[in-house]
Each structure stands twice: as structure tokens, then as C-alpha cells.
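Worksheet: one structure, shown below.
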Amino acid sequence: MSLLSDLVNLNLSDSTDKVIAEYIWIGGSGMDMRSKARTLNGPVSDPKELPEWNYDGSSTGQAPGEDSEVILYPQAIFKDPFRRGNNILVMCDAYTSQGEPIPTNKRHDAAKIFSHPDVAAEVPWYGIEQEYTLLQKDVHWPIGWPVGGFPGPQGPYYCSIGADKAFGRDIVDSHYKACLYAGINISGINGEVMPGQWEFQVGPSVGISAGDELWVARYILERITEIAGVALSFDPKPIPGDWNGAGAHTNYSTKSMREEGGYEIIKQAIEKLALRHKEHIAAYGEGNERRLTGKHETASISTFLWGVANRGASVRVGRDTEKEGKGYFEDRRPASNMDPYVVSSMIAETTILWKP
């Protein structure tokens with residue numbers, strides 16, 4: 001007699017060439033992820049070989065009921081860590097039946113920026129530090145916290161070990177391995193300053209792939225928390241008061257910044273970011289004003305400040321970059337719920353294409 005776990009873990013390659021493709025897209029809120037599966041006749045490694053598909057946009061807040069069909073265009077393929085074998089996850093973006101990108105399709109415009117010859121020539125690298133909070137499902141209060149109460153003050157929790165300090169490590173390590181299996185360039189994980197909060201890093205990734213990889217990493221994380229019966233929050237300030245918020249610090253460099261004399265290019269890029277501070281803040285995530293207060297390792301949302309090794313700055317330059325005269329910088333302003341397609345392409349557009 002088969003157990004449910006036996007059936008879930010069936011290896012399809014033992015009996016069929018068919019594979020399952022899980023099509024993933026971004027829903028109407030701009031943060032909710034949706035997916036559904038279809039059967040393919042055999043393994044596929046190139047998204048161009050995959051058929052377009054559609055979904056009911058009236059059920060995701062992305063189309064009216066009288067014209068509800070939204071078309072999915074496959075854009076990137078990853079190995080499926082849940083079904084394994086030759087099965088795949090497919091990151092898609094969404095279009096009307098006339099071929100126009102729908103308003104929540106931020107990938108379309110990002111791809112245009114990254115395909116610009118001047119941007120492509122600079123080979124922009126991104127490393128995105130995605131912070132998130134794990135919540136008790138029924139009460140939406142951080143895991144490890146007493147229900148309706150608070151743990152001890154911040155201090156012992158960052159990069160911590162121990163049952164009274166680190167909460168949710170099984171989820172975090174499962175996510176780490178699942179992302180590596182999927183082919184996502186996840187470069188590390190760590191426990192964050194607020195208990196129940198963690199971070200993973202994706203990168204270095206080039207251009208549009210940074211957005212694809214971060215979105216699929218988010219998808220995998222939410223699937224794992226679903227299995228664990230834990231709620232996942234990307235709110236930039238999930239707990240008011242004297243607790244750290246959650247960001248998505250975005251590390252960035254161009255070919256010119258990575259070469260000799262790159263430090264001067266970095267400073268010129270930061271000057272451009274300062275001039276467009278308000279435009280970037282407006283695109284860097286919802287509720288960010290609750291996080292960027294000038295406290296808890298942030299700069300104030302209303303000012304732009306950069307510095308070397310300064311975690312209270314809008315943009316931080318590392319000591320190694322200063323010492324070597326080349327490298328990368330970190331934009332610390334993006335919120336944990338930012339759209340990586342928007343943030344990555346906007347940084348490239350401002351620093352490479354924009355002329356003050």
C-alpha cells in the first residue's frame with residue numbers, strides 16, 4: 001500500500017518521458033506569486049521551446065471578467081526541487097491577448113533597458129540581499145516569539161545559533177539547498193537582527209537574470225513555508241517599534257567599475273543616484289517609509305547619504321572597494337517587497353543611460 005509521500009516522490013522517468021512544467025507569474029498585487037502546471041512530452045531546456053499559456057486574470061486582479069484571458073510568455077527555466085527529475089519551474093511574464101504587457105509586468109520594460117547596447121556593454125552585476133520574516137500562520141506573529149508578547153531585545157539573534165535565539169533554520173536550510181538544486185545562484189544565508197527574520201543572497205547575476213532568479217527564489221521559499229505551515233512576510237517593517245525592518249539591499253557593479261580606475265566611476269554613479277533619490281524611493285517598495293527612519297541601520301527616506309562601510313547610509317561602499325580602487329557598491333534603500341526587475345533596471349538606467 002503506497003503512502004502519500006511515496007506518490008509525491010514518484011520518479012516519473014522510470015515510466016514516462018513526459019515532464020511537468022510549473023508556470024510561475026506575478027499576481028495583481030505585484031508581490032503575490034501564482035503558478036500552475038502542465039504536462040510536456042519531454043524534457044525542455046530552452047524557454048523558447050515552451051508553449052505560451054494563459055490564465056484567468058479576473059481571478060488575480062489583472063483583467064476584467066468580460067476579457068479575462070492573460071497570456072503567459074515563458075522567460076526562464078529552473079529545475080524543480082519539489083518534483084525533481086526532468087521537471088521544471090518556468091518564470092513567465094504576462095501580456096494581453098493583443099501582445100501588450102499588462103501593468104504588473106515589470107520584466108518587459110526591464111528587458112528593454114538591459115538589452116540597450118550601452119547597458120549590455122557594461123555587463124551589470126547584481127547581488128541582492130533578500131530579507132524576510134517567518135510568521136506563525138494563525139496569528140501572523142514572528143516564529144519563536146511568545147504569542148501576543150515579545151522576546152528579549154535585539155542583540156543575540158543576528159547570525160545566531162541556539163533554540164532560544166535562532167528560529168526556522170530547517171526552513172532556511174531547505175530553501176538554500178532547493179535554490180542550489182534549481183540552478184539559482186544563491187550565494188549565502190544568515191539569520192537577521194530581529195528574531196524570526198532571515199536573509200538569503202542571490203548573485204552575482206547579470207542583467208535581467210537577477211530578477212528572474214530572485215523571483216523564483218521567493219517562489220521556492222513560499223512553497224517551502226507552505227509545506228512547513230509557516231507564513232512568509234516581505235513586509236519592510238513587520239513589527240513596529242525598536243525592531244529592525246526588512247530590506248533587499250542591492251549590490252551593483254558595471255564592467256567599468258570592476259576595472260582599474262573603477263572607484264571614480266562608482267562615485268559618479270552614486271552622484272547620479274543622489275540626483276534621482278525621490279524617483280528611486282518611489283519605486284523601491286511599498287511601506288518603505290516605515291523602515292527608512294534613520295534608525296535600525298537605515299538612512300532617512302528623505303535624505304541621500306553615502307559613505308564607506310556605513311550601514312546607516314543610503315548607499316554603502318565597502319572598505320575593499322575603497323582600498324582596491326574598484327569593485328561595487330550597495331544600494332541599501334530597496335525594501336524587502338521591492339520588484340527586482342524594477343530596482344535592477346532602474347539602477348542601470350540611472351547610472352549608465354541617464355544624462356543629468
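Under the 4.5 Å side-chain heavy-atom criterion for ILVMFWY residues, a single connected hydrophobic cluster contains both Y132 and Y284. A single hydrophobic cluster is seen to contain both M31 and I224, as judged by linkage of ILVMFWY side chains at heavy-atom distances under 4.5 Å, directly or through other members.
Within the structure, the ring pair (Phe, Tyr, Trp, His ring centres under 6.0 Å) test picks out the following pairs touching residues 251-279 (sequence neighbours left out): Y126-Y252, Y252-F329, H277-F304.
Side-chain atoms of S256 and T254 form no donor-acceptor pair, as typed in the model, at a separation below 3.5 Å.
No cation-pi contact links K237 to W243, judged by a cut-off of 6.0 Å to the six-membered ring centre and 45° from its axis.
Judged as a side-chain contact (heavy atoms from CB on, under 4.5 Å), and not counting sequence neighbours, D138 has no contacts. Partners of W25 under the ring pair (Phe, Tyr, Trp, His ring centres under 6.0 Å) rule, at least two apart in sequence or in another chain, are Y55.
Atom CD of E286 is surrounded by 12 or fewer heavy atoms from other residues, nucleotides or ligands within 6.0 Å.
Residue W141 holds its CH2 atom at 4.0 Å from CD1 of I239, rounded to the nearest 0.5 Å.
Proximity of the aromatic rings of Y73 and Y95 is defined here by a centroid distance below 6.0 angstrom, and this criterion is met.
Under the side-chain contact (heavy atoms from CB on, under 4.5 Å) rule, L40 has a single partner from D17, V19, N86, which is V19.
Here E349 pairs with R276 in a salt bridge; the nearest charged N to carboxylate O distance falls below 4.0 Å.
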